[in-house]
Protein chains: 2
Amino acid sequence: MPSLFVIKIGGNVLDDATALHSFLADVATINAPKILVHGGGKIATQIGNQLGITSQYVGGRRITDAATIQLVTMVYGGLINKQLVAQLQSFGCNAVGLTGADGNIMPAQKRSVTNVDYGFVGDVLVHDVNTSLLLSLIQQGITPVFAPLTHDGAAQILNTNADTIASVLAAALSTHYKVRLMYCFEKNGVLQNIHDDESVVPLITPTIYHQMKTAGLLFDGMLPKIDNAFAAIQQGVHEVLIGHASNIIQNTTHNIKGTLITTS
Amino acid sequence: MPSLFVIKIGGNVLDDATALHSFLADVATINAPKILVHGGGKIATQIGNQLGITSQYVGGRRITDAATIQLVTMVYGGLINKQLVAQLQSFGCNAVGLTGADGNIMPAQKRSVTNVDYGFVGDVLVHDVNTSLLLSLIQQGITPVFAPLTHDGAAQILNTNADTIASVLAAALSTHYKVRLMYCFEKNGVLQNIHDDESVVPLITPTIYHQMKTAGLLFDGMLPKIDNAFAAIQQGVHEVLIGHASNIIQNTTHNIKGTLITTS
């Protein structure tokens, strides 16, 4: 099977114009099928504050009320997404910006209300992803750029975590491609010591993961990323790489600088 | 050649949730290749006001400064575009939202500064349009939904008049399709008497146009639309129809209710 890179870029890089410029220039040089998935960033909060929309969080998750879903539809789906597309075009990379509503690529279920009402948040399943448009774009040499938005099929846009979107897209496309899912952020990988950016764990297998987790050797903020990674691998993704955004090119090779997550 | 409808929907319909819902339900039932182009609407001005961005106009044209291009990228490319896509999906119409940056469909020239600096405004040419992605989407049964945004190829998003975008897309696709370009708005067509919505001019040819213009029988606000229409026809568009948004289905037939603009 041919290779495909599903590349997730997080908020801290989006918020740093210089780092972002350099990252996108690198992405444009990757001469292989690829999809870019982006998160939010501080700009959504800033514009929300200006509009009098204050973000509420429960358990680290944003509550997406009616005003907030309008805000993120504008900022994620419009401002950030189209600026990324225009920058990639300037580097000669033919990109197309998408959300889960476009081409009905990612229908979602509005999260049901239990103890907490998360509002307009969408939960997604790998088998609900419609890959035909993505496959057609990739075969045309186009790089899809995906905003963290889905829809419920009844005209409602929903907010979905970008790490989850990357993982679900990677899994859905793994029947057609050998997928390396790459989480790019502002650290060198999964760190044993959060204060030492050189303490990268080069390889995490399920066994290593459970040993390190039990021994408290992993930074809490990393756990959801690693859980997402194993979930993706169980659904067919070949391997998951967690690394610094500035190492993106090196991390498309076998000589990686970061953390490789694999089952074996 | 097969038929293609390029449908432009204006701000007044976008601002009326009930009219828009009904219009999109109708568009979804059109069982032929189609592209929807949308304008702005009051929501951009409202959100701009809340953000302290006041629109300046010269000669009826918005001056697009740095804050305004961010605003319209958010509102046109994100909020309006993705809500239209999600609504069309809810009616079973597989839509994909696009700007001129996506797939490099519509590269533009930033308007040069003469007497007036219009700011980040893009002028477009038919022969610069890259139709391959649009053709591929249409062949997949997908309806492109186009926001009035272009780009300069150097990472700058530009603001481009939606009527112009519709006209240029229609012309560019007329080598592959017999295109009917349809301007849908809140009046029944080109009116002889602006106060009488039944005074529709059913047919405008170049001869009729010059006669009516000379005699002062056409409402000034209609002239740019008619000029755009003739420009499109000169560039290969089969015919242009100006009519009420609520007559969209009837106006895809030969039994039109509105104004047909044609060379013969």
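Note that the structure is a prediction, hence the values are computed from the model and not measured. Proteins get letters first, then strands, A, B, ... in listed order; numbering begins at 1 in each.
- For the residue pair B/Q83 and A/T73, no side-chain donor N or O sits within less than 3.5 Å of a side-chain acceptor on the partner.
- Taking chain A as the reference chain and counting heavy-atom pairs below 4.5 Å, the highest number among B/N81, B/I69, B/I105, B/L133 is found for B/L133.
- For B/T143, no part lies under 4.5 angstrom from a heavy atom of chain A.
- With a 4.5 Å cut-off on non-hydrogen atoms, B/L149 does not touch chain A at all.
- Ranked by heavy-atom pairs shorter than 4.5 Å toward chain A, the options B/Q50, B/Q87, B/K82, B/Q156 are led by B/K82.
- At least one side-chain heavy atom of A/Q89 sits less than 4.5 Å from a side-chain heavy atom of B/H151.
- Contacts between B/Q140 and chain A at a heavy-atom distance below 4.5 Å involve the side chain alone, from C-beta outward.
- Taking CG of B/L88 as the reference point, atom CG of A/N104 lies at 12.0 Å (rounded to 0.5 Å).
- Across B/I80, B/L24, B/I47, the residue that shares the most heavy-atom pairs under 4.5 angstrom with chain A is B/I47.
- When the options B/I43, B/L79, B/L71 are evaluated for a side-chain contact (heavy atoms from CB on, under 4.5 Å) with A/M74, the one that passes is B/L79.
- For B/L84, no part lies under 4.5 angstrom from a heavy atom of chain A.
- More than 12 heavy atoms of other shown residues, nucleotides or ligands fall within 6.0 angstrom of atom CD in B/Q250.
- Distance check: B/S90 OG to A/D152 CG gives 8.5 Å after rounding to the nearest 0.5 Å.
- For chain A, the nearby part of B/I142 is the side chain; its heavy atoms alone come within less than 4.5 Å.
- For chain A, the nearby part of B/N94 is the side chain; its heavy atoms alone come within less than 4.5 Å.
- When all heavy atoms of B/A86 and A/I157 are compared, the closest pair comes out as CB-CD1, 3.8 Å.
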